Student: 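I have a structure here, written as structure tokens, and I will follow up with some questions on it.
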Amino acid sequence: MQILLYFVIAIHVVACLFLIGVVLLQQGRSADLAGAFGGQGSQTAFGPRAAANIFTRLTAWAAVIFMLTSLSLTILYVRSMHSRSVLDGTTQSTPAKK
């Protein structure tokens, strides 16, 4: 179980770094010449929302992998813990009588 946890942690770290890199490499919505002067026009035929390029697809896949590894890490960590509660192993004391 520990090997699987470490494997998912490694995939999670790679997905995090990849997601950061892909988001930073993306071009902004108004990154053309008209966007520099405040215009909302674009050089594409359909306006500023062009078809999804490779960076937006990679971002979507990296986000999906990030979410799946986050959920998997949560499940694996809870299953690997021996005690299920913070209060397990504590003794319950009775209040003092007056």
Side-chain angles (χ1 to χ4, degrees):
M1 187 67 101
Q2 291 292 339
I3 295 173
L4 182 62
L5 182 67
Y6 292 139
F7 179 71
V8 175
I9 288 173
I11 291 175
H12 186 73
V13 169
V14 170
C16 289
L17 294 175
F18 185 75
L19 185 60
I20 290 169
V22 170
V23 167
L24 289 176
L25 286 175
Q26 283 186 9
Q27 188 176 14
R29 286 188 178 169
S30 297
D32 56 354
L33 185 60
F37 297 107
Q40 294 299 320
S42 179
Q43 297 172 357
T44 60
F46 299 109
R49 280 196 159 187
N53 60 7
I54 189 71
F55 285 121
T56 55
R57 290 181 185 160
L58 288 175
T59 303
W61 279 106
V64 167
I65 292 170
F66 175 79
M67 292 296 173
L68 289 176
T69 55
S70 297
L71 291 172
S72 300
L73 283 174
T74 303
I75 293 169
L76 288 172
Y77 182 72
V78 168
R79 288 187 179 176
S80 69
M81 289 178 46
H82 296 293
S83 63
R84 298 283 180 186
S85 174
V86 178
L87 298 176
D88 285 348
T90 60
T91 59
Q92 184 177 8
S93 62
T94 56
K97 295 182 180 179
K98 291 186 179 184

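One-based numbering along the sequence shown. Note: hydrogens, waters and symmetry copies are ignored here, and every other heavy atom, side chains too, is used. Note that the structure is predicted; figures quoted are calculated from it, not measured.
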Student: First locate atom CD1 of Ile20, then atom OG1 of Thr59, and finally report the distance between them rounded to the nearest 0.5 Å.
Tutor: 12.0 Å
Student: Around atom CD1 of Ile3, are there more than 12 heavy atoms from other residues, nucleotides or ligands closer than 6.0 Å?
Tutor: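 Check fails, neighbour count at 12 or below.
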Student: Which heavy atom in Leu19 sits nearest to a heavy atom in Ala63, and how many Å separate them?
Tutor: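 Here Leu19 and Ala63 meet closest at CD1-N, 4.0 Å.
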Student: Find out if a path of hydrophobic residues (ILVMFWY) with successive side-chain heavy-atom gaps under 4.5 Å connects Phe55 to Phe18.
Tutor: yes
Student: CH2 of Trp61 to CZ of Arg57: how many Å apart, nearest 0.5 Å?
Tutor: 11.5 Å
Student: With sequence neighbours left out, write down each residue that passes side-chain contact (heavy atoms from CB on, under 4.5 Å) with Leu73, or none if nothing qualifies.
Tutor: Leu5, Val8, Ile9, His12
Student: So how far is it from Ile11 CD1 to Leu68 CG, rounded to the nearest 0.5 Å?
Tutor: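 CG of Leu68 is found 10.5 Å from CD1 of Ile11.
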Student: The criterion is side-chain contact (heavy atoms from CB on, under 4.5 Å); which residues satisfy it with Ala15, sequence neighbours excluded?
Tutor: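 With neighbours one apart ignored, the set is Ile65.
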